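A quick write-up on the structure given underneath.
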Amino acid sequence: MKAELLKRLFRAIASSDTEAIDKLTSLVIEEERDKGHTLLADQLENITRKSRKEKSSSSGEQTLSPPENLQALSELPTSKRLNIPLVSAVPREKLRHHMILPQNIEKRFRRIEREYAARDRLAHYGLRYRQKILLYGSPGCGKTLGAERLAWNTGLPLIKVRFDAMVSSFLGETASNLRLVFEEASKKPCLLFLDECDSIAKSREDFQEVGEIKRVVNTFLQILDEYEPSSGLLVAATNLNKTLDIALWRRFDDLIEVPKPGENELEFILKETLSALEVGAVNWSNIIKLMDGFSAAQVVRVAQDAAKRAILEREELVIQEHLEEAIAEIKVN
Ligand SMILES: Nc1ncnc2c1ncn2[C@@H]1O[C@H](COP(=O)(O)OP(=O)(O)OP(=O)(O)O)[C@@H](O)[C@H]1O
Ligand SMILES: [Mg+2]
């Protein structure tokens, strides 16, 4: 483990900052996994999961770890004509879940996770947890990551809808594919993820019949209305903002705009991505100004690019120039 990470972990422990401890332990686990220390990473993960379980049961909430017998759909639905899977299951170890968000947005993600954990208690009072979530916002700000994080923190298997397989030029087939996926997904608890769900609308030109797209959108709306995930979640993501069909928006329990990082988040993502390396004298406020308007994905790219430059120079020390060059390159592209 790198010295900087170790120091941050100790600081978090010293100040009993549980949120930071959680984040840092996840980072340590990821780092070990990246190094190929899979066994150690699994053991560390088990330890943290166990302690979370104990904490949540002592606070009266259900565990966030996967419920027993919870598996991805045993049989993945396939399109009738081409027999290709309409969904893909993302294995838990492949889920990315570490995310930096402004506090107000982080709170909204947490609320979904907490309501999910407390779903039985809520049901006892006739209340339903937030089940249908729409994540929207500009590219590279964490919509896909957000869905993975929700799957990770709720312990639900992530089932991703494959729109490429779903959309068929055969009359009526797209709508029936859509129905099939939702039917299967409602049988077992899972997080059904409709990434880039606007692709249904965008593929309008592909349809031979004008009536076909209407049928698909109508089916989608109807399904959203009827869908009662068996103790799972439905998460949809889109780059489009409120220009999407208004009828679609009101069918979700929660609409979250995943924003571009502000100055604080930007600095945090940058420093965190660089935490494996020594960083020399850097004028952070200057660097952050240069990155105004960058997406989180671009920030990660800048940090990784600067790190590579430092490593190739064999100094393993990141300096202002490395960051400035990486930023300039992103701005050109
Ligand atoms: N909030 C965030 N905190 C930390 N890293 C982030 C965040 N958002 C995005 N990233 C980084 O950017 C990468 C891309 O993010 P992601 O795929 O979730 O973006 P997206 O919003 O789904 O973009 P698109 O609209 O293009 O699908 C992530 O793998 C991660 O490295
Ligand atoms: Mg995405």
Side-chain angles (χ1 to χ4, degrees), residues 5 8 19-20 22-27 29-31 33-34 87-88 90-110 112-113 133-153 158-164 166 191-203 233-244 254-276 288 291-308 326-327 330 333:
L5 190 55
R8 282 171 48 207
E19 200 174 315
D22 277 356
K23 281 187 179 158
L24 291 163
T25 46
S26 305
L27 269 183
I29 294 167
E30 269 168 37
E31 197 182 289
R33 208 179 289 288
D34 286 346
V87 297
S88 56
V90 184
R92 185 168 170 83
E93 64 274 12
K94 288 259 169 69
L95 292 177
R96 303 161 305 163
H97 54 278
H98 183 62
M99 231 181 150
I100 312 290
L101 289 169
Q103 228 177 20
N104 57 335
I105 304 295
E106 172 65 28
K107 269 192 188 155
R108 296 188 56 189
F109 272 91
R110 289 230 161 170
I112 296 168
E113 291 156 4
I133 323 291
L134 181 69
L135 304 176
Y136 67 99
S138 47
C141 291
K143 298 180 294 296
T144 305
L145 182 58
E148 292 188 25
R149 163 236 167 108
L150 287 173
W152 177 270
N153 284 339
L158 184 79
I159 305 293
K160 213 169 174 173
V161 172
R162 290 185 50 195
F163 282 112
D164 54 338
M166 178 91 80
L191 187 155
L192 186 64
F193 183 33
L194 298 113
D195 203 2
E196 301 177 15
C197 68
D198 41 279
S199 65
I200 289 190
K202 271 198 250 152
S203 57
L233 289 171
L234 170 87
V235 180
T238 173
N239 275 334
L240 303 178
N241 55 17
K242 299 217 168 161
T243 53
L244 257 188
D254 215 345
L255 305 167
I256 303 183
E257 179 170 11
V258 187
K260 283 191 173 176
E263 289 190 357
N264 286 342
E265 292 79 54
L266 213 144
E267 184 168 349
F268 208 85
I269 296 175
L270 207 52
K271 288 187 176 167
E272 196 166 72
T273 316
L274 289 171
S275 64
I288 279 149
M291 296 177 80
D292 185 37
F294 274 31
S295 68
Q298 286 174 318
V299 180
V300 170
R301 186 130 39 97
V302 164
Q304 288 176 340
D305 191 23
K308 282 192 233 168
I327 292 169
I330 292 231
N333 292 325

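Along the sequence shown, the residues carry numbers beginning at 1. Source: prediction; values computed, not measured. Just so you know, these numbers use all the heavy atoms, side chains as well, and skip hydrogens, waters and symmetry mates. All ligand and atom numbering here is 1-based and tracks the order in the structure.
- Of the N or O atoms in Val300, none lie within a sub-3.5 Å distance of an N or O in ligand 1.
- With rounding to the nearest 0.5 angstrom, the OG1 atom of Thr238 is 9.5 Å from the CG atom of Asp195.
- Residue-level proximity to ligand 1 for Pro139 is carried by backbone and side chain together, each with a heavy atom below 4.0 angstrom.
- The N/O atoms of Gly137, backbone and side chain alike, include none that comes under 3.5 Å of an N/O atom in ligand 1.
- Between Leu145 and ligand 1, a contact under 3.5 Å exists for at least one N or O pair.
- Distances from atom 9 (C) of ligand 1 to the heavy atoms of Ala147, Ala296, Ala303 put Ala296 nearest.
- Where the criterion is an N or O separation shorter than 3.5 Å, residue side chain and backbone included, Met99 fails it with respect to ligand 1.
- For ligand 1, the polar-atom distance check finds an N/O of Thr144 within less than 3.5 Å of one of the ligand's N/O atoms.
- Thr144 lies close to the Mg ion (ligand 2), since one of its N, O or S atoms is found at a distance under 2.8 Å.
- For the side-chain contact (heavy atoms from CB on, under 4.5 Å) test with Phe193, the passing option among Leu150, Leu233, Thr144 is Thr144; the others fail.
- Here Glu196 has side-chain heavy atoms under 4.0 Å from ligand 1, and that is the only part of it that gets that close.
- Heavy-atom proximity to Arg96, at under 4.0 Å, picks out these atoms of ligand 1: 28 (C), 29 (O).
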Test log, rule side-chain contact (heavy atoms from CB on, under 4.5 Å), inputs Ile288 and Met291: CA-CA 5 Å; Ile288 279 149; Met291 296 177 80; 5.6 Å; no
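- Contact check for Ile256 versus Ile112: side-chain heavy atoms found under the 4.5 Å cut-off.
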